[in-house]
Every structure is written in structure tokens, then in C-alpha cells.
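The structure under discussion appears below in the form of C-alpha cells.
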Amino acid sequence: PSDMKRLILRYAGPSNEAKAAIASVQALPAIKVIDASPRMLLVEAPERVARQLGKQLPLWKISEEKMIELPPPLPRLRVRG
């Protein structure tokens, strides 16, 4: 759906609490976890939920996923040998 936002969540709290913090975010009903690492999550959520996440998750740094287009690779020279 077009009203879904993809967000990057980075846990900024104590390291020993990261695993529990990630589990609490994964348990939120309106959030779909796309990818996870020990202190970061890529999630998809409805726009109305995304706007409220900052208040719900004060120990998380939240930013919207941004896609950038990479330029085509430069041609390589072949070395004869």
C-alpha cells in the first residue's frame, strides 16, 4: 500500500538491553520487520504509526529509508599479459 513507510531504526540505548529492545519493536502489531541486525531494524509501517514511533521509542534513532541510484560502473581496461 502507498501509505506504508520504510524506516531505519537504530537502537541508541545500553548495549546489554539491545536484544530486548529489538524484541519489543518486533512485537508491535502494526510494524513489519524487513531486516534486522544486533542494533538496527529496517521496518515497514503505516504512515500514521510511523509518525508516532519517535514518541513510543525514545531510545531509538528513527529515519526514513532513502534510496539512491548508483551511477553505472566505469569501463575497465583489460590488461594483456
Side-chain angles (χ1 to χ4, degrees):
S2 61
D3 73 324
M4 298 293 278
K5 294 276 186 185
R6 286 179 69 139
L7 305 166
I8 300 167
L9 282 64
R10 185 176 60 80
Y11 183 66
S15 295
N16 61 339
E17 296 175 15
K19 197 171 187 178
I22 286 177
S24 69
V25 171
Q26 290 173 321
L28 294 172
I31 293 180
K32 178 182 174 188
V33 176
I34 307 296
D35 196 10
S37 68
R39 294 180 71 88
M40 295 180 81
L41 294 171
L42 174 61
V43 301
E44 194 171 70
E47 188 170 352
R48 62 179 173 72
V49 173
R51 279 186 254 132
Q52 298 170 356
L53 279 178
K55 295 173 191 161
Q56 284 182 284
L57 305 170
L59 293 177
W60 291 83
K61 304 292 183 201
I62 301 169
S63 58
E64 194 168 332
E65 178 188 44
K66 292 183 175 99
M67 304 295 272
I68 59 168
E69 191 171 323
L70 297 176
L74 297 173
R76 293 182 172 219
L77 295 175
R78 288 189 195 169
V79 178
R80 294 183 187 180

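Start at 1 with the first residue, then count along the sequence.
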Quick one: side chains of residues 23-34, donor-acceptor pairs under 3.5 Å with protein atoms, not counting sequence neighbours, listed by atom name and distance.
{"unit_1": "Ser24", "atom_1": "OG", "unit_2": "Ala21", "atom_2": "O", "d": "2.7"}

Original post:
By salt bridge (Lys or Arg N to Asp or Glu O under 4.0 Å), which residues pair with Arg6, not counting sequence neighbours?
Top reply: Glu65
Original post:
Can you tell me how far the CG atom of Leu53 sits from the CZ atom of Arg48, to the nearest 0.5 Å?
Top reply: 11.0 Å
Subject >> Atom pair CG/CG of Leu9 and Leu59 - distance to nearest 0.5 Å >> reply: 12.0 Å
**OP:** Kindly compute the distance separating NZ (Lys61) from CD1 (Ile8), expressed to the nearest 0.5 Å.
**Re:** 15.0 Å
**OP:** Show which residues join Leu74 in its hydrophobic cluster (side-chain heavy-atom contacts under 4.5 Å, direct or indirect), or state none.
**Re:** none
Original post:
By salt bridge (Lys or Arg N to Asp or Glu O under 4.0 Å), which residues pair with Glu64, not counting sequence neighbours?
Top reply: Lys5
Subject >> ring-ring contact (aromatic ring centres under 6.0 Å, His included) pairs, two or more places apart, involving residues 17-46 >> reply: none
**OP:** Can you tell me which residue pairs pass the ring-ring contact (aromatic ring centres under 6.0 Å, His included) test with a partner in residues 35-58, sequence neighbours excluded?
**Re:** none
**OP:** Not counting sequence neighbours, which residues clear salt bridge (Lys or Arg N to Asp or Glu O under 4.0 Å) with Glu17? List them please.
**Re:** none
Subject >> Remaining members of hydrophobic cluster (4.5 Å side-chain criterion), Met67 >> reply: none
**OP:** Quick one: which residue pairs count as a ring-ring contact (aromatic ring centres under 6.0 Å, His included) with a foot in residues 36-57, not counting sequence neighbours?
**Re:** none
Original post:
Taking only residues two or more places apart in sequence, or in another chain, which ones meet Ser15 in a side chain to side chain donor-acceptor pair (under 3.5 Å)?
Top reply: Arg39
Original post:
What closest approach, in Å, do Ile22 and Ser37 show between heavy atoms, and which atom pair accounts for it?
Top reply: CD1-O, 3.4 Å
**OP:** Treat each ILVMFWY residue as a node, draw an edge where side-chain heavy atoms are under 4.5 Å apart, and state whether Ile62 and Leu41 are in one component.
**Re:** yes
**OP:** Mind jotting down which residue pairs meet the ring-ring contact (aromatic ring centres under 6.0 Å, His included) criterion with at least one end in residues 10-34? Sequence neighbours excluded, please.
**Re:** Tyr11-Trp60
